[in-house]
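Reading through the structure tokens given below for one structure.
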Amino acid sequence: MGQDGVHHAEFSEFASGDREAALQQLVDSYVALASDQDNWVCNLANAASLLWHAYRSLPLDVNWAGFYVADGKNANTLILGPFQGKVACQIIKYGHGVCGTAASLQETQLVPDVNAFPGHIACDGETKSEIVIPIIGKNKKVVGVIDIDCLTYDGFSGVDVKYLEQLASKIAETCEFP
Ligand code: SME
């Protein structure tokens, strides 16, 4: 049990089934968990869990949710971060795939059909749609991306963009990245 008398696992309970409510709860839960914690591994690990449980509470077949982060050893390179789902590719160069495109353009990529996205990197051939949100650090450089994959086409919309961009900016505010 946490210091405040709350079991941390209770943050994993998303009851509503309503997307806006679940995503608002996701952002609020992240802010609460990160309020006295700035370690990026710790915060992104719990954020990956929140993403997973929030999306799995909806009538949507999300199969991967997590993070790629800027690789401190190699410029313009993302490396796999905390996630939930199947084993994924480890390195993505800026400008490659959906994640690398979001990182190089510093713009959210909403992809209704991954097969129509030039250079999409298929970690899991079953994935049909994807959303990637860049996390822009205090120095205006990309510190990482949020990546969520779905087994159906058109899995994501402007509602997801709105709340996931809020989450990205909360992560940038709360985490110390190396
Ligand atoms: N599809 C991504 C690669 C990462 S996996 O989805 C986990 C891309 O094209 O960048």
Side-chain angles (χ1 to χ4, degrees), residues 11 14 16-35 37-58 60-70 76 78-85 88 92 94-114 117 120-121 127-150 152-177:
F11 283 104
F14 290 84
S16 67
D18 172 78
R19 192 176 303 212
E20 290 226 39
L23 294 177
Q24 182 66 62
Q25 183 184 333
L26 157 68
V27 173
D28 293 345
S29 296
Y30 176 79
V31 170
L33 286 164
S35 63
Q37 179 57 256
D38 67 4
N39 180 280
W40 72 273
V41 175
C42 176
N43 283 346
L44 295 192
N46 267 339
S49 176
L50 289 171
L51 286 165
W52 182 256
H53 287 287
Y55 275 101
R56 298 293 290 186
S57 78
L58 303 175
L60 186 72
D61 283 326
V62 161
N63 58 325
W64 201 93
F67 297 89
Y68 282 84
V69 295
N76 299 325
L78 295 166
I79 187 162
L80 184 63
F83 71 94
Q84 303 229 347
I92 299 175
Y94 284 28
H96 290 244
V98 185
C99 292
T101 301
S104 58
L105 298 179
Q106 298 202 359
E107 282 173 9
T108 293
Q109 303 295 306
L110 183 59
V111 182
D113 176 0
V114 294
F117 189 98
H120 166 255
I121 300 163
T127 296
K128 299 288 192 297
S129 60
E130 178 164 1
I131 186 169
V132 179
I133 298 91
I135 305 168
I136 315 293
K138 291 157 193 153
N139 59 4
K140 306 286 178 215
K141 287 193 176 163
V142 170
V143 289
V145 301
I146 304 170
D147 180 13
I148 310 176
D149 293 349
C150 182
T152 52
Y153 295 109
D154 280 315
F156 307 99
S157 71
V159 171
D160 304 278
V161 173
K162 175 182 161 189
Y163 289 97
L164 295 174
E165 287 186 349
Q166 282 180 26
L167 177 64
S169 88
K170 296 295 180 192
I171 287 169
E173 279 169 28
T174 52
C175 292
E176 285 298 328
F177 288 91

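In this structure, Tyr55 and Phe156 have perpendicular ring planes: the angle between them is above 60°, well past the 30° mark.
Here the CD-CD1 distance, from Gln106 to Ile136, works out to 3.5 Å after rounding to the nearest 0.5 Å. To the nearest 0.5 Å, atom CG of residue Leu50 and atom CG of residue Leu167 are 8.5 Å apart. Taken to the nearest 0.5 Å, the OG1 atom of Thr127 stands 12.0 Å off from the CD1 atom of Ile148. With values rounded to the nearest 0.5 angstrom, Leu78 atom CG is found 6.5 Å from Cys99 atom SG.
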Please step through side chain to side chain contact (heavy atoms under 4.5 Å, CB included) for the pair Leu51 and Gln84, ending with a clear verdict.
-> CA-CA 9 Å; Leu51 286 165; Gln84 303 229 347; over 6 Å; no
Yes or no on side chain to side chain contact (heavy atoms under 4.5 Å, CB included) for Phe117 and Glu130, after CA distance, side-chain angles and deciding distance?
-> CA-CA 10 Å; Phe117 189 98; Glu130 178 164 1; over 6 Å; no
I would like to know whether Thr174 and Tyr30 meet side chain to side chain contact (heavy atoms under 4.5 Å, CB included); could you show each step before the answer?
-> CA-CA 10 Å; Thr174 52; Tyr30 176 79; 2.6 Å; yes
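Counting heavy atoms from C-beta on, the side chains of Val145 and Ile133 never come closer than 4.5 Å. Proximity of Thr108 to Glu165: side-chain heavy atoms (C-beta onward) are separated by under 4.5 Å at one or more points. In this structure, Ile146 and Phe67 have side chains that are in contact, with non-hydrogen atoms separated by less than 4.5 Å. With a 4.5 Å cut-off on side-chain heavy atoms, Ile171 and Leu44 count as touching. Within the 4.5 Å cutoff, the side chain of Asp160 has heavy atoms near those of the Leu23 side chain. Between Phe14 and Leu26, some side-chain heavy-atom pair lies under the 4.5 Å cut-off. When side chains are defined from C-beta on, Val143 does not count as touching Val69, because their heavy atoms never get closer than 4.5 Å.
Listed for the Ser129 side chain is a donor-acceptor partner under 3.5 Å among the backbone atoms of Gly155. Looking only at distances, no side-chain donor or acceptor of Glu20 sits under 3.5 Å from a matching main-chain atom of Asp18. When atom types are taken as modelled, the side chain of Asn43 and the backbone of Gln37 share a donor-acceptor pair closer than 3.5 angstrom. Checked by atom type and distance alone, the side chain of Asn63 pairs as donor or acceptor with a backbone atom of Cys150 at under 3.5 Å.
Here the closest heavy-atom approach between residue Gly66 and residue Ala48 is recorded as CA-CB, 4.4 Å. Minimum heavy-atom separation, Val27 to Lys170: CG1-CG, 4.4 Å. Shortest non-hydrogen contact noted between Ser57 and Ala54 is OG-O, 2.6 Å. The heavy-atom pair separating Asp147 from Tyr68 by the smallest distance is OD2-CE1, 4.1 Å. Shortest non-hydrogen contact noted between Pro134 and Ala102 is CB-O, 3.8 Å. Minimum heavy-atom separation, Glu176 to Trp40: O-CD1, 3.4 Å.
Dense packing is recorded around NZ of Lys138, with more than 12 heavy atoms of other residues, nucleotides or ligands lying under 6.0 Å away. The number of heavy-atom neighbours closer than 6.0 Å to NZ of Lys128, taken from other residues, nucleotides and ligands shown, is above 12.
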